[in-house]
Amino acid sequence: MTKAAPGLDQGFDFIVVGAGTAGCLLANRLSANPAHRVLLLEAGGDDRYIWFHIPVGYLFLIGNPRADWLFKTAPSAGLNNRELLYPRGKVLGGCSAINGMIYMRGQAADYDRWAQLGLKGWGWDDVLPYFLRHEDHFGGSDTLHREGGEWRVEKLRVSWDILDRFRDAAEEMGIPKTQDFNRGDNEGSAYFEVNQKRGLRWSAARGFLDPVKQRANLTILTHAEVEKLVFEGNRVAGLRFRKDGAIHEVKARKRVVLAAGAVASPKLLMLSGIGDAAKLAGFGIASKADRPGVGANLQDHLQLRPIYKVKGVRTLNMDYANLFKRAWMGIEFALRRTGPLTMAPSQLGVFAKTSPRYETANVEFHVQPLSLDKFGEGLHPFPAFTASVCNLRPTSRGEIRLAGPDPFAPPVIDPNYLATDEDREVAVESIRLARKIVGAKALQSFSPEEFRPGAHLTSDGDLVKAAGDIGTTIFHPVGTARMGRADDRLAVVDERLSVIGVEGLSVADASVMPLITSGNTNSPTLMIAEKGAEMILADCA
């Protein structure tokens, strides 16, 4: 039975679906005017669990049903038919509550490419003010940074000699040292800046939702999973959602805004009849808008994780294995908010070109003073570091598909990694570049020995297969409801983030990216939400 829940029967001006990275900011901005009544729906729960706030808690959140949807990918031919775990945040703050906390905008050229696709207002000079609008940077304000916003950015609170030496080794290979990855050109090596505040994770829920959750005009519902959008003619007038075992219906006077991410937003569009009409008909779903691009254009950063055993230098593997040192980590964190418990998964970043054919850096290293087979499993019982490297601008394209008409069943996630010759070539070049850096003089006193994929693998064919064996997601899916011109058959939203061919509906999350950004995607998603909120308010005035 469908009913309007108590307090929801009067409807809302705006309904935001998903209280993740984008949704928290959207709820903040759309409810800033007390005349606007706003409903924020989150399918997961609250973040009242200690590991959401201690930075190293990602180790206990990924693969935890309290925090993660526990998605898996379809088998991928490029990964030698392996399936991957595909973490997605299931909590207020979404992926910003379980991710690596790295503050990264990408390259100016990324956004200029968007503009060159005909997307007016999305070039670097256009989007920079929206990054700045919510930034609170430890370094203060200048032309490219700002202090005082909601999105706190701080320096790391831990250091490792092995990472200092890796940076020196990269410099030997012609990769310059830099101090700031967020000034438009991120080529070089530097320590990542992180979204933390005084040694604690700073999620979108902490920054954007907590300060405003008491607003009388903002209603936040957790454990509310949306079933489908509700239409009146060609207009989205509201939606149905499930909470506490009951199905509820609620109306939106001005706009429904999807901010459920690159997996869930296209799923909801398809369940509601917005997608490839022929495919939806196979599930008995009536078409409301024939948009075959919904779910297509999936892009993700595939990380290859070369691992090197070392001698005579401290790594987290051995520190964690030592019970005394493990206890001291907790004491140090409690007393000083420093040390390994404040660690992001990666501390050192290196952006480089694998070939002169690239105008800007085309790969990113996330260098870690630890090693493990995969996140969620234990550290290796020997000292080692990981030189994880990802192709920043993959040319392979995957898709999100419905598994069936059940709105509460997980979708099919098919990233289609390493499907193109260029991506396979970059994978080979990436492993070889990692080997060159590790072979530099600066690291030789630690006797690095390649553990994964193995130094005996040398041919292009060997390394392509090795990439398939060790490759895994770095949790950056985008593009599945991409922006484009109204005459672009495969576009899903226009440059103002309105769904093409449908009234009263917007998408404002990572799924709208036409091309993936050259770096970590969390803060670019906030920028999209910031700019999207402004446009939605203007269009609904």
Side-chain angles (χ1 to χ4, degrees), residues 55-56 58-60 62-63 84-85 100 102 156 158-170 172-173 175 189 191-192 302-326 328-329 339-350 352 363-390 427 430-458 462-463 466-474:
V56 80
Y58 65 89
L59 290 171
F60 308 101
I62 292 174
L84 297 180
L85 298 177
I102 292 171
L156 295 167
V158 64
S159 62
W160 300 86
D161 289 344
I162 185 66
L163 301 185
D164 292 338
R165 292 289 190 90
F166 191 97
R167 198 177 182 205
D168 292 340
E172 288 184 51
M173 294 298 103
I175 301 169
S189 72
Y191 289 95
F192 288 122
L302 179 73
Q303 62 170 333
L304 311 180
R305 295 178 54 80
I307 294 170
Y308 294 87
K309 294 182 177 181
V310 288
K311 298 176 181 177
V313 65
R314 175 177 165 242
T315 73
L316 186 62
N317 288 16
M318 306 320 292
D319 279 10
Y320 189 77
N322 183 300
L323 293 180
F324 175 79
K325 289 185 177 180
R326 194 187 308 181
W328 173 247
M329 292 178 196
L341 267 66
T342 69
M343 280 175 58
S346 305
Q347 293 79 56
L348 178 66
V350 180
V363 296
E364 176 185 10
F365 285 87
H366 292 76
V367 192
Q368 304 153 353
L370 55 86
S371 67
L372 67 174
D373 288 331
K374 59 184 177 181
F375 287 105
E377 297 188 358
L379 299 173
H380 288 140
F382 47 77
F385 70 91
T386 303
S388 170
V389 57
C390 67
S430 297
I431 295 171
R432 288 186 171 141
L433 178 57
R435 288 174 171 174
K436 287 180 181 178
I437 295 172
V438 174
K441 182 179 179 182
L443 284 167
Q444 296 317 295
S445 61
F446 303 139
S447 305
E449 175 189 349
E450 187 171 315
F451 176 68
R452 293 278 191 275
H456 63 288
L457 302 173
T458 57
D462 286 342
L463 295 182
D469 288 337
I470 67 174
T472 189
T473 177
I474 205 166

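Numbering of residues begins at 1 and proceeds along the displayed sequence.
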Separation between CG of Leu302 and OG1 of Thr472, rounded to the nearest 0.5 Å: 7.5 Å
Distance in Å, Leu348 CG paired with Asp164 CG, rounded so as to fall on 0.5 Å steps: 8.5 Å
Side chain Gln347, main chain Leu163, donor-acceptor under 3.5 Å: no
Arg452 side chain to Ile307 backbone, donor-acceptor under 3.5 Å: no
Under a 4.5 Å cut-off applied to non-hydrogen side-chain atoms, are [X] and [Y] in contact?
X: Ile431; Y: Leu457; answer: no
X: Arg305; Y: Leu372; answer: yes
X: Ser371; Y: Phe451; answer: no
X: Phe382; Y: Glu449; answer: no
X: Glu450; Y: Val438; answer: no
X: Leu370; Y: Tyr320; answer: no
X: Asp373; Y: His380; answer: yes
X: Lys441; Y: Glu172; answer: yes

CZ/Phe60: more than 12 non-hydrogen atoms of other groups inside 6.0 Å: yes
Ser346 versus Gln368, side-chain donor and acceptor atoms under 3.5 Å: yes
Listed partners of Tyr308 passing ring pair (Phe, Tyr, Trp, His ring centres under 6.0 Å), at least two apart: Phe385
Non-neighbouring partners of Arg314 that pass side chain to side chain donor-acceptor pair (under 3.5 Å), sequence neighbours left out: Asp319
